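Numbers restart at 1 for each chain; the letters A, B, ... are given by sequence-line order, proteins then strands. Note that the structure is a prediction, hence the values are computed from the model and not measured.
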Amino acid sequence: MLATLIALISLMPLLFVVWVAFDSGWEKVSDLIFRPKVAGLLVNTALLLVTTLPASLVVAVALAWLIERTDLPGRRIWSWLVTAPLAVPAFVHSYAWNSVAPSFHGLGAAVTVSLFAYLPFVYLPIAAQLRGLDPSLEETAASLGKSPLEIFFLVVLPQLRFAMLGGALLIGLHLLAEYGLFVLTRFDTFATAIVDQFQSVYNGPAANLLGGVLVLACLVLLQFESRLRGEERYARVGSGSTRNRIERPLGGLRWIAILLPLGFVAFALGVPLVTLSRWLYLGGTAVWRMEFVSSALIQTALLAGIGALLTTAAAFPMAWLSVRKPSRMQRALETAHYYVGALPGVIVALALVTITVRVALPLYQTVFTLVFAYVLMFLPRALVGLRAGIAQAPVELERAASSLGKSPFWAILHTTARLAAPGAAASAALVALGIANELTATLMLAPNGTRTLAMRFWAYTAELDFAGAAPYALLMIILSAPLVVLLRLEASARETL
Amino acid sequence: MTELRIQNASKRYGSTLALNEVSLVVPSGSRMAIVGPSGSGKTSLLRLIAGFETPDSGLIEMGSNTLCDGGTFVPPHRRDVGYVAQEGALFPHMSVADNVGFGITHTPGRTERIVELLQQVGIPADMMTRRPHQLSGGQQQRVALARAMARSPSIMLLDEPFSALDAGLRDAVRDMVGAVLGAAGITTILVTHDQAEALSFADYVAVMRDGRLVQTGSPQDLYLHPTDPQTARFLGDAIILRAVVTDGIAHTLLGPVAVAAKSGPQTIMLRPEQIRIRPADPSPSTRGRVVSRRYEGAAWRTVIEHVPTKTGRDDFVLETASVFVAWVPGSDAFPPGTEVSIDLVGSAHVFGKN
């Protein structure tokens with residue numbers, strides 16, 4: 001029941017988009033959508049996707065292969081360093097690039113910065129999959145007369161397909177949703193256009209309809225991915241004993257090969273950190289205006305904490321259902337949960353603005369609405385971690401508790417909920433970190449007077465006060481560091497997909 | 001149809017010596033089983049032959065080709081070997097036909113060749129479009145064999161390919177594999193931890209322990225004349241006794257038995273089938289008592305405890321304990337507690353006479 005309710009609520013933004021289309025009437029819709037500006041945005045978005053995604057995949061596969069499958073010096077360190085850019089929010093990446101090379105903008109800049117900011121999303125699953133591959137497949141291929149190169153393309157790469165698709169989808173959705181990064185690289189996407197519209201004319205149909213197109217783009221991406229994925233599963237045939245990994249000696253090429261991770265880390269981690277240090281150094285103590293910094297920190301922590309708690313609580317019924325009572329109904333509900341997570345923050349924000357303005361004005365621009373938006377946006381994140389946690393708690397314990405005369409609710413609370421606690425804590429942490437770095441929806445929904453770290457950072461950056469923004473960037477990076485650790489641990493725990 | 005020679009091959013992983021100066025010759029067209037407990041180095045040896053690992057030292061030759069010798073190392077894809085992994089290792093993203101055709105170049109007649117190979121291993125052609133996960137374990141192993149045979153290798157390496165199968169299926173698949181490889185005349189090396197499988201499958205058996213090759217020979221030779229008590233027990237139930245030999249007769253705790261050894265104190269071995277028990281009779285004989293028994297269809301696996309007599313000699317104790325196993329025909333009834341007389345038949349094996 002609860003899960004159904006939450007699923008319905010989470011479908012709200014989607015319903016909103018449909019409603020907007022109907023409410024505006026066909027003429028208005030066609031007026032506002034079939035115009036050069038929208039076409040331009042579509043072209044931009046398509047260009048962004050078709051350049052960033054393949055480039056990310058190539059770089060990620062190359063990095064993962066070098067790090068997991070060769071005798072590259074310092075492999076363990078590299079595998080951490082390559083994941084580390086995740087700790088830097090995307091808009092901080094572009095802030096760094098912007099202050100290093102102010103004239104670097106447009107598609108090239110957008111693609112470059114996106115590549116560095118989002119690559120770990122596709123690197124992590126590919127590396128995990130590569131580690132989990134059964135080495136006997138490659139050995140068998142070798143015994144069938146295939147050279148190492150042929151084996152890579154005929155056997156290894158096809159097995160990485162799902163990891164590549166999943167990672168690329170994640171990056172694609174981020175590209176569609178990201179606002180800050182593209183504003184700073186001066187590249188127009190739907191997200192930037194919507195926020196612009198929204199800031200000039202509150203709640204105009206133009207913004208809402210652009211939102212509708214963006215939702216369509218997301219749905220197309222999701223469909224495309226699930227088409228490519230198909231019905232198949234590459235289940236590992238048999239349980240198999242995973243032997244030592246196959247390690248190819250690079251020989252003299254090692255010192256050339258190392259340039260790839262070195263270059264990537266220099267750009268993806270070096271550029272933000274060096275710029276940041278420079279601004280912090282130049283700004284000195286003057287930029288640390290403690291009354292602003294500490295209030296932003298406290299507000300961020302509060303929002304993140306409350307949001308994380310509520311999101312995890314909201315995800316629990318669905319997670320429990322999907323592990324304990326899988327059914328068609330449950331899968332439909334779960335899909336509802338996920339679809340919203342795939343929707344950009346702008347859409348969720350737009351929907352909530354419209355709904356609160358029309359239906360529940362007292363809630364407009366309140367903390368309640370903001371936290372509600374966070375819950376909608378980060379539900380899938382919480383769901384993934386929780387589900388893994390609950391899956392680890394054997395159902396027998398629940399049954400044993402029931403057989404000892406306890407009510408089902410008591411039984412779940414004292415067995416499964418307790419055992420799933422570590423998973424719940426991890427997913428709550430992931431949600432909290434996501435909220436701490438959330439910019440777009442926060443900008444649109446935050447009550448007057450609210451100033452989170454991201455908002456402060458954004459305000460300073462918009463005024464080109466890079467030094468003033470630096471402390472906030474630094475704090476966000478420090479806050480996000482645990483995210484990297486969590487994601488890495490999760491990826492290595494989930495060796496085989 | 002090529003002889004395989006391995007000389008003094010050694011391989012070390014970190015601090016463990018996986019292979020210690022192993023030398024082995026596999027005659028052309030023969031079937032060799034390498035058997036040993038886990039960690040004995042048998043799989044490492046197979047992987048050296050396949051070229052998946054490089055030995056630290058030693059020589060591997062196939063016919064007139066040197067595969068591995070200090071400087072030279074032929075990578076696996078240039079070796080003329082077939083390989084069937086423990087669980088088949090079929091490529092999950094390919095159909096059965098694509099799996100089998102993986103090693104065959106795209107030339108006319110490729111499809112016919114795939115059908116022919118599948119036919120040899122008893123997979124009907126209508127399964128060609130299936131994916132590996134749609135096959136049973138036994139079918140997967142058959143396809144894996146067909147795939148490995150596609151390039152007509154000189155040597156086939158089988159890495160415990162039957163161990164994941166159910167007991168009944170295991171025998172059937174093993175017989176099929178033996179027949180197919182025998183018909184093709186391919187030299188075969190099977191690695192297994194199952195001594196019964198090794199003895200029944202191979203012409204030659206090599207026993208490995210702690211990275212060393214302990215003994216090589218025909219199955220009968222190894223079973224009846226193991227080189228030491230440990231090997232004797234590994235290859236099957238063994239009764240190991242101290243004995244005093246005089247004039248070709250070993251006097252043991254369980255009575256006299258023929259041996260081919262010089263006089264003096266010796267350690268001898270009997271197999272359970274050399275023990276005969278009958279209801280205890282009053283005449284002087286070796287006595288035992290049935291401790292327990294297990295019905296296994298054709299025979300009872302009967303555990304017997306030796307009952308000491310007053311005239312017994314202390315230096316004749318069993319090396320293990322005074323409890324041993326014998327097989328009693330299913331029709332004979334010796335419930336636990338029965339006193340029995342023990343006779344020894346055939347001749348016993350004497351350790352360390354060489």
Check your understanding: So, A:E138 and A:K146, do they make that salt bridge, N to O below 4.0 Å?
Key -> no
Point to revise | salt_bridge(B:E112, B:R110) N-O dist < 4.0 Å | key: no
Revision key, fill the gap. Heavy-atom nearest pair, B:T192 first then B:E160, reads CA-CG, 4.0 Å
Revision key, fill the gap. So, the part of A:I151 with a heavy atom under 4.5 Å from chain B: the answer is neither
Which atoms of [X] are under 4.5 Å from chain A, going by heavy atoms: the side chain, the backbone, both sets, or neither?
| X | result |
| --- | --- |
| B:R151 | side chain |
| B:F52 | side chain |
| B:A148 | backbone |

Check your understanding: How far does OG1 of B:T105 sit from CZ of B:R113, to the nearest 0.5 angstrom?
Key -> 10.5 Å
